[in-house]
Protein chains: 4
Amino acid sequence: MKKQNVPASVKDEKLIEIRRNQMIKGAVSLFKEKGFHRTTTREIAKAAGFSIGTLYEYIGKKEDVLYLVCDRIYDEVSERLKRDIDPKKGDTKSLLLAIKNYFKVMDEMQDEVLVMYQEAKSLSKEDLPYVLKKELEMVEMFEAILKACVENGEFDLHENERKLIAHNIFVQGQMWGFRRWALQKLYSLEEYTNSQIENLLTGINR
Amino acid sequence: MKKQNVPASVKDEKLIEIRRNQMIKGAVSLFKEKGFHRTTTREIAKAAGFSIGTLYEYIGKKEDVLYLVCDRIYDEVSERLKRDIDPKKGDTKSLLLAIKNYFKVMDEMQDEVLVMYQEAKSLSKEDLPYVLKKELEMVEMFEAILKACVENGEFDLHENERKLIAHNIFVQGQMWGFRRWALQKLYSLEEYTNSQIENLLTGINR
Amino acid sequence: MKKQNVPASVKDEKLIEIRRNQMIKGAVSLFKEKGFHRTTTREIAKAAGFSIGTLYEYIGKKEDVLYLVCDRIYDEVSERLKRDIDPKKGDTKSLLLAIKNYFKVMDEMQDEVLVMYQEAKSLSKEDLPYVLKKELEMVEMFEAILKACVENGEFDLHENERKLIAHNIFVQGQMWGFRRWALQKLYSLEEYTNSQIENLLTGINR
Amino acid sequence: MKKQNVPASVKDEKLIEIRRNQMIKGAVSLFKEKGFHRTTTREIAKAAGFSIGTLYEYIGKKEDVLYLVCDRIYDEVSERLKRDIDPKKGDTKSLLLAIKNYFKVMDEMQDEVLVMYQEAKSLSKEDLPYVLKKELEMVEMFEAILKACVENGEFDLHENERKLIAHNIFVQGQMWGFRRWALQKLYSLEEYTNSQIENLLTGINR
DNA sequence: TATGAATGAGATTTCATTCAT
DNA sequence: TATGAATGAAATCTCATTCAT
């Protein structure tokens, strides 16, 4: 799956990678602070450490930066999740581990997630589906685990129930970041995780 | 709790109410379509049915429109919730009724909620807390019901658990709107509601 | 000499006089504070004690207010000068008295004079000459006194010298107001007057 | 003493100098014609020979143009005065030469001086004192010459008398420009200069 | 490849003036 | 006569994007 649609005048793929990394890093912190629309391309270039002219050697238009940022965040979250999850292993313990890890990632990347969360709607009509697809893939990871559990007889859930619970897990992870103003006053990440897991399990194991 | 901080040059309070209603109505549909930042003040004026000059007779700056919109949406949701909820009545049936009604409201107002959801962060530093407070009040309505249930002996939940569950209910209501691209393909509102209630209940009644 | 060119919809001449007085009074203090261009018609109406609609019953356009203000100031200065000057009486004592009185008027009306001084250029091409003519008339009052003195044999001055000295006197009166930031730190009005009179009567090489 | 407070996005100092020169030149002729407030930023840009966007690369806000113009005019007048004045040389001849030169400069730069004269009050509260200070410095040049003359025994004047006369000289120079509608009908520059010098040196009662 | 000066479309906001009540 | 809501032209300023160096 390659970054689609983002044109670069520069040929050197390695350099593109480097420059875009600089760009994304700068942009995330700017978007976090003031949002996509209030951030100017000049500011992005400056934060990235190069000139406005150079910025446009590596993107076609401002929106591309947002796409790159969203794309990167998903890749990172995805990769970190896959790293310690085995969707085949269908036992409750694995499920809980996956949830814990996911919540931890969400906690560590909450700035990025918040950015993506709030700015994704500014993506163009073409880019949005691509990003949503990535999100769905992550939900499907949880669904796969749940399915494996069911198949293993750990508990019993119909397909739609599984899907919904997968969504719930996914959203509860995001919640921790985007409702931090309310939640993080009440709980530590650990408490939050345990409580949500408990809600989930006692629900499932009827 | 009245609309604060939004100045109007016009004196006739009645007229202000009317014009602002027109304004909000037009703005919601524009914001829904293209977001706050991509919507121009001229478009808002036009959608409201008056001239740009008139628009500025009823607000001080563009952001005020967003504030007015958010404020209105919360008021409407709030009011509809309060209409059929009695937070004192502590039985499970009332709780479920409240949830069902809330989800229904979220379904009917999903455009508005989506708008608020995505654009609230564009509010000024002064206005944001005011809006967040309103959100918290709605969460607290669910918490109050849960508390009444616990006191009635319907089930047993510590304070923090109650709070968290209230947040979950609230977010699940929003989810239906802001994740419609995924959820509404899978479930009808009724199915979604029933499923979430089931998740909740079998969780609570351990 | 009637106020020319300033149209009023209202017929009652008495009322016009009253309203315009209110208008001028409010406008002078506003112009003094923020200048003609930065003062809005709404502010003028408010300061005058009536509505914007009423304002336009008594003038045709914003600039008319400035004209009215300038006109009024000149009339007032003129009248106060004429009150205690007899241009026929050609003795040095009368000249000095005239100068002293003029400087005193300039001191008392320095706000008004400053306003006129700085804003007159904003008058329309048609109104400006009318105002300049009034100014010239005042200069001519001094010239007349000087002429009478010369005819009386008090001292000897050719026409052009008389004219120039009349201008000097006139400008020195204004100076006291428009260079107050510098002059009024150094002298009292009396000192200033005496010094300028001395300069006039006896040159450096005494 | 360098141009303070006027921000430029462009880095090349040389270029800033060039562009601002173009800007000032265009602005002076526009301000002369219609005043600061009636001149639009687009007109300034056009008169300067570049686009509105470029204009704002070299200033922060419209008022900066006025500041730049005033600053420039003072610098130019100042420099031309200093060029042929030696404030140490305390003889009457030097004084007269200084006055003559000053009046000549005022004559040649009368458009600029008129502009500054009429528009300075539109400067911001921060910029105005800076400009007034420059004006005072010029007055002080004349005072210095007068002082040197007194110390040389050419004539006798107390400090305050010297200060006042310095102001008079300064204002009489400006008069030539800002009252041109009256004065220049009556005298040539030379006649005006000679007459004022005579007034200065010998009073009315010779 | 990198730079940054130049551009101008377009956004927000103001405010003189009108006119129905 | 008095009012003040409505209007929209016009002003300032921003900023994504281009392109010559």
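Convention: sequence-line order gives letters A, B, ...; per-chain numbering from 1.
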*Going by an N to O cut-off under 4.0 Å, is there a salt bridge joining A:Arg42 and D:Glu57?*
yes

_Donor-acceptor check, side chain of C:Glu17 to backbone of C:Lys14, threshold 3.5 angstrom: yes or no?_
no

*NZ of B:Lys11 versus C1' of F:dA5: gap in Å, rounded?*
11 Å

*For A:Asp75 and A:Lys134, what are the C-alpha separation, side-chain angles and deciding distance, and is it a side chain to side chain contact (heavy atoms under 4.5 Å, CB included)?*
CA-CA 8 Å; A:Asp75 280 353; A:Lys134 288 212 160 190; 2.3 Å; yes

*Which part of the nucleic acid does B:Ser9 contact within heavy-atom distance under 4.0 Å: base, sugar-phosphate only, or nothing?*
sugar-phosphate

*Where each residue is assigned the nucleotide of DNA chain F containing its nearest heavy atom, which of A:Lys62 and B:Asp12 is assigned the position nearer the 5′ end?*
B:Asp12

*Calculate the interatomic distance between B:Leu66 atom CG and E:dT12 atom P; express it in whole Å.*
13 Å

_Electrostatic pair B:Lys61:B:Asp64 at N-O distance under 4.0 angstrom_ = yes

*D:Phe36 CZ - F:dT12 C1' separation (whole Å)*: 11 Å

*For DNA chain E, what residues of residues 28-35 of chain D have any heavy atom nearer than 4.0 Å?*
none

*Should the pair A:Glu119-A:Lys34 be classified as a salt bridge under the 4.0 Å nitrogen-to-oxygen rule?*
no

_Axis-to-axis angle between the two ends of the helix from E:dA2-F:dT21 to E:dT21-F:dA2 (five base pairs per end, rounded to 10 degrees)_ = 0°

*Just how far, in rounded Å, is P of F:dG4 from NZ of B:Lys14?*
19 Å

*For the pair C:Arg38 and D:Glu63, find out whether any cationic side-chain nitrogen is under 4.0 Å from an anionic carboxylate oxygen.*
yes

*Kindly check if the number of other-residue, nucleotide or ligand heavy atoms within 6.0 Å of NZ (C:Lys46) is above 12?*
no

*Whichever of C:Glu63 and D:Leu15 has its nearest DNA chain E nucleotide further upstream toward 5'*: D:Leu15

*Would you mind reading off the distance between A:Gln22 atom CD and E:dT1 atom P, rounded to a whole angstrom?*
15 Å

*Mark yes or no: B:Lys62 above the aromatic ring of B:Phe36, with NZ or CZ under 6.0 Å from the six-membered ring centre and no more than 45 degrees from the axis.*
yes

*Could you tell me the separation between the CZ atom of B:Arg19 and the C1' atom of F:dG4, rounded to a whole number of Å?*
13 Å

_Just to be sure I understand the geometry, which residues of residues 37-61 of chain C put a non-hydrogen atom under 4.0 Å away from DNA chain E?_
C:Thr39, C:Thr40, C:Thr41, C:Arg42, C:Ile52, C:Tyr56, C:Lys61

*Classify the ring geometry between D:His37 and C:His37 as parallel (under 30°), tilted (30 to 60°) or perpendicular (over 60°).*
parallel

*Do B:Val113 and B:Met116 touch side chain to side chain, with heavy atoms closer than 4.5 Å?*
no

*Before accepting this row, confirm whether a basic side-chain N of the pair C:Glu13/C:Arg20 lies closer than 4.0 Å to the acidic partner's carboxylate O.*
no

